[in-house]
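First up is the structure itself, then whatever we jot down about it.
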Amino acid sequence: MALVLNNVNGRLQQRRGYVSRDLAGIMVIIAVAAIGYFAFPDNLALLTRMITIALLVLSLDLVTGYCGVATLGHAALFGSGAYAAGILSAHYGINDPLLMLLAGIAGGVASGLLSGAIILRAHGLPQLVLSIALIHLFHEFANKASSWTGGSDGLSGIAPDPVLGFFEFDLYGRTAFFFGMTLLLVVFVLLRLLVRSPFGMLCRAIKQDPLRVRAMGGSPKGALIRMYAISGAVAGVGGALNAISTQVVGLDSLSFTQSAEALVMLVLGGTGSLFGALSGTIIFMLFEDYVSAANPFHWLTMVGALLIAVVLFAPKGLYGTAANFIDRRREQRS
């Protein structure tokens, strides 16, 4: 009886620890957003862009960080969500932001299921090659279907209605920023619940030892396909937000460069951590914006030097390395 009570108390304390960490994380996200809002009042478009890319990096972390799937084509999910939302508005005149958001989620899920079904047929380097092939195929399809996507000229004519009928999308980008922050917080909370759920633990186990999971009666491929669909939904939210906030969708949303930069941001912050994905996105995009403005001719060199330094001296990413250091200090004190 005492052993059972101890186990129950241990689980309750663990859950309280998770809740306190989540609340602290949410407060930090809100604080960073508030600082950005007051520090860059004339550049809210950059902050909204950071939110859209953060959603893409979070979706990438689900399949790469938590499941161990190597991919350089994740922008296919993001771009599919952007085009789905944009086409709904430009071609069908459905301009409600929430309906456009649902279209983006549907587009992301569909592309996620398709990409997952193809990429998961291989492992290691062939898996990476398949993902690169897929992003080029998505890009070329969007370019050729110019009657729907606008081709190389981009999809224009997107005119979202006010959010909930009250909050219009102004030229200063305030509504887009607050709309994006709300979406980011909702998605972040849901993903925190997901990665700690039995399904999330199963995906982590698949990353570590898929053969043992299969021997215990699990279905690694089925679980990974479901995670790819969830990842597509998150990326679709980011893509739809991008279409709503910029009111145009270009082929760059389906580019290999977009996929590669998302992976770089994830590695910079730390894989297998939602906080790492967010911190990597913020650090990379702010550093890129500042350095490119200060030195427009050699800014890529500086970005490359930063990435080399992180990989050599903080292989678990900036957030992952900092979190490990804090945990070790706590263990030493206890």
Give the minimum heavy-atom separation between [X] and [Y], together with the two atoms involved.
X      : Y      : answer
Pro97  : Ile244 : O-CD1, 3.7 Å
Ala75  : Ser255 : CB-O, 3.7 Å
Ala223 : Phe199 : O-CZ, 3.5 Å
Tyr228 : Ser115 : CE2-CB, 4.2 Å
Leu72  : Ile135 : O-CG2, 4.2 Å
Ser253 : Tyr83  : OG-CE1, 3.9 Å

Below 4.5 Å, heavy atoms only, C-beta onward: do [X] and [Y] meet side chain to side chain?
X      : Y      : result
Glu140 : His136 : no
Ile283 : Leu318 : yes
Val63  : Thr71  : yes

Subject >> Pairs where residues 43-52 contributes a residue and the test side-chain hydrogen bond (donor to acceptor under 3.5 Å, both in side chains) is met, not counting sequence neighbours >> reply: Arg49-Asn242

Would you give me the side-chain donor-acceptor pairs under 3.5 Å for residues 142-163, sequence neighbours excluded?
{"from": "Thr149", "atom 1": "OG1", "to": "Ala142", "atom 2": "O", "distance (Å)": "2.4"}
{"from": "Thr149", "atom 1": "OG1", "to": "Ala145", "atom 2": "O", "distance (Å)": "2.8"}
{"from": "Thr149", "atom 1": "OG1", "to": "Gly151", "atom 2": "N", "distance (Å)": "3.3"}

Quick check on the hydrophobic clustering: are [X] and [Y] connected, directly or via other members, by side-chain heavy-atom contacts under 4.5 Å?
X      : Y      : value
Tyr37  : Ile53  : yes
Phe313 : Leu266 : no
Ile26  : Leu190 : no
Val189 : Leu62  : yes
Leu102 : Leu164 : yes

Could you tabulate the donor-acceptor pairs under 3.5 Å formed by side-chain atoms of residues 203-219, not counting sequence neighbours?
{"from": "Lys207", "atom 1": "NZ", "to": "Gly65", "atom 2": "O", "distance (Å)": "2.7"}
{"from": "Asp209", "atom 1": "OD1", "to": "Leu211", "atom 2": "N", "distance (Å)": "3.4"}
{"from": "Asp209", "atom 1": "OD1", "to": "Arg212", "atom 2": "N", "distance (Å)": "3.2"}
{"from": "Ser219", "atom 1": "OG", "to": "Gly222", "atom 2": "N", "distance (Å)": "3.4"}

How long is the gap from [atom1] on [X] to [atom2] on [Y], to the nearest 0.5 Å?
X      : Y      : atom1 : atom2 : result
Ser131 : Ile119 : OG    : CD1   : 5.0 Å
Met50  : Asp289 : CE    : CG    : 9.0 Å
Glu288 : Met265 : CD    : CE    : 6.5 Å
Lys221 : Arg226 : NZ    : CZ    : 13.0 Å

Original post:
What do you reckon, are the aromatic ring centroids of Phe178 and Phe167 less than 6.0 Å apart?
Top reply: no

Original post:
Hey, mind stepping through Leu184 and Leu58 against side chain to side chain contact (heavy atoms under 4.5 Å, CB included) and telling me if it holds?
Top reply: CA-CA 10 Å; Leu184 179 62; Leu58 284 171; 4.0 Å; yes

Original post:
Of the options Leu191, Ile105, Leu194, which is the one that meets Val234 in a side chain to side chain contact (heavy atoms under 4.5 Å, CB included)?
Top reply: Leu191

Is there a donor-acceptor pair under 3.5 Å between the side chain of [X] and the backbone N or O of [Y]?
X     : Y     : answer
Ser80 : Ala76 : yes
Thr64 : Asp61 : no
Ser89 : Gly86 : no

Subject >> Polar contact flag, side-chain donor to acceptor under 3.5 angstrom, Ser231-His74 >> reply: yes

Original post:
Does His91 NE2 have over 12 foreign heavy atoms under 6.0 Å away?
Top reply: yes

Original post:
Within a radius of less than 6.0 Å around CZ of Phe141, do more than 12 heavy atoms belonging to other residues, nucleotides or ligands occur?
Top reply: no

**OP:** Give the ring-plane orientation class for Phe275 versus Tyr319, where under 30° counts as parallel, over 60° as perpendicular and anything between as tilted.
**Re:** tilted

